[in-house]
Q: 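Mind having a look at this structure? Questions to follow.
Lettering follows sequence order; numbering is per chain, from 1. Computed from a prediction, not measured in an experiment: that's the story for all the values here.
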Protein chains: 2
Amino acid sequence: MTRRSRAHQSTPGNEKAILEAALTLAVTAGYEGTTMAEVARLSGLPVGSVYWHFNNKEQLFAELIEYCFEQWKADHTGPTNRDLLRRSIAGSAGGSVDPENRAEAFWILALLFALEKRLAGNLAREKYLDVRKEMFELMVQRVEPQVPASVLAVDPAFGRKMVVLGRALTDGFYIAASAGDEIDFMEFADLSATAVEALIQRKAAEIEGNLDAADAES
Amino acid sequence: MTRRSRAHQSTPGNEKAILEAALTLAVTAGYEGTTMAEVARLSGLPVGSVYWHFNNKEQLFAELIEYCFEQWKADHTGPTNRDLLRRSIAGSAGGSVDPENRAEAFWILALLFALEKRLAGNLAREKYLDVRKEMFELMVQRVEPQVPASVLAVDPAFGRKMVVLGRALTDGFYIAASAGDEIDFMEFADLSATAVEALIQRKAAEIEGNLDAADAES
DNA sequence: GTCTATAACTAGATAGAC
DNA sequence: GTCTATCTAGTTATAGAC
């Protein structure tokens, strides 16, 4: 066999080094732009070793996505951070500039795989699409409690909609960071949170108004 | 000389065919993923001809960005479309799916160049960053008149902030489209427009309140 | 498990006939 | 201006010594 059989034990030393190297490179070079030779060089191992640990480039990236997602989950599911959106957008500020920022590197990696549609059928991209769905559900679980029950009663999908909006904003600000826009990301993190909040309130008020109208009619 | 000297005359037949081929491929394959051989094949010309018209891949893409931007400007500066943000986001729906959708292909191309930071110094990426700035200013000119004078008096940059937010949203929904999210883009186009609108109203109300307070004090 | 050498292939780019 | 043949360098991936 040309491949280790470990399934899900915690990533051992050299494998982790390879994944970290791949991540560092991928964040600035993308999928095609990252070469196995460079990954090997940066990890301090020869190419042969990289191919001993991972079947091929595709699989290396598929595992990289999983590896990053675990880190991201650990960082973003703690009980401390109450404001997911604000935190995510604020994180975009340095995320794309500093290749060492692992917690946020995942998001950049994700954007790359979202955009590179040529990778249809590619193991890594399929893996990403799975992860994207899982991440979405995690966010829904955290956002839904913040939506008033009266709103959810009328539009049960409203919480999910706010997550879609929040994710679009987060993605958008990562793009802005990648493009080097000189904006105050903290300010926009607040502004974005406020905008979503305003949308929820407006919806609640609208429903309230309808209820009043209905009450008045009866 | 190995290169035509036309500077800014309207793109002649074969050059246009090459640019169109490059665009179609780039939208799904990205910069690295698009090969000169494929561009040649799709344009119906041999590789040699492509290199006669364009010095190299870098310059081909730099001109592609300019070429697309001109089209985008023509599509998005007419007097008809009053709601820029709503229109942009709604456009993202099909933009990433149909490689023939030229008007929106530009935005995908833009995202690719925004993310591919490895291309630092690359002519095409530099060109894109210029275009990004110009596009921003065009949007500011169209959004600023919609912001109440009272708000601009207190925060002259508020219009620009709304454009930053709007662009982030647009970028974000293009990502969603690229990832194949099954969402109702029209609905989110409306929701996004409403969110920005709500933010402006909230700001205006806040300022109004302060003015009243100031009036009461005097 | 690690490392070297190299095979098999594909990329961007050019030379030069027409 | 167009097209073919080809060069060079770099890519993924493997074979096989250690």
Q: Within this structure, what is the CD-to-C1' distance between B/Gln59 and C/dT14, rounded to whole angstrom?
A: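 In whole Å, C/dT14 C1' and B/Gln59 CD are 16 Å from each other.
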Q: Does the Lys NZ or Arg CZ of A/Lys16 fall within the cation-pi geometry relative to A/Tyr67 - under 6.0 Å from the ring centre and within 45° of the axis?
A: no
Q: For the pair A/Phe173 and A/Phe185, name the ring-plane relationship: parallel under 30°, tilted 30 to 60°, perpendicular over 60°.
A: perpendicular
Q: Determine whether B/Glu66 and B/Val131 satisfy the following criterion, side-chain contact (heavy atoms from CB on, under 4.5 Å), listing intermediate values before the conclusion.
A: CA-CA 8 Å; B/Glu66 198 158 13; B/Val131 159; 5.8 Å; no
Q: Between P on C/dA13 and CG on B/Leu60, what's the gap in Å once rounded to a whole number?
A: 10 Å
Q: Output the distance between atom CZ (A/Arg142) and atom CE (A/Met139), rounded to the nearest 0.5 Å.
A: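 The CZ atom of A/Arg142 sits 9.5 Å away from the CE atom of A/Met139.
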Q: Taking atom C1' of C/dG12 as reference, at what distance in whole Å does atom CD of B/Glu38 sit?
A: 14 Å
Q: Is the closest basic N to carboxylate O distance between A/Glu58 and A/Arg125 below 4.0 Å?
A: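 Salt bridge absent between A/Glu58 and A/Arg125.
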Q: Any chance you could list the contact pattern along nucleotides 2-18 of chain D? Use B for base contacts, S for sugar-phosphate-only contacts and - for none, protein heavy atoms under 4.0 Å, 5' to 3'.
A: BBB------SSBB----
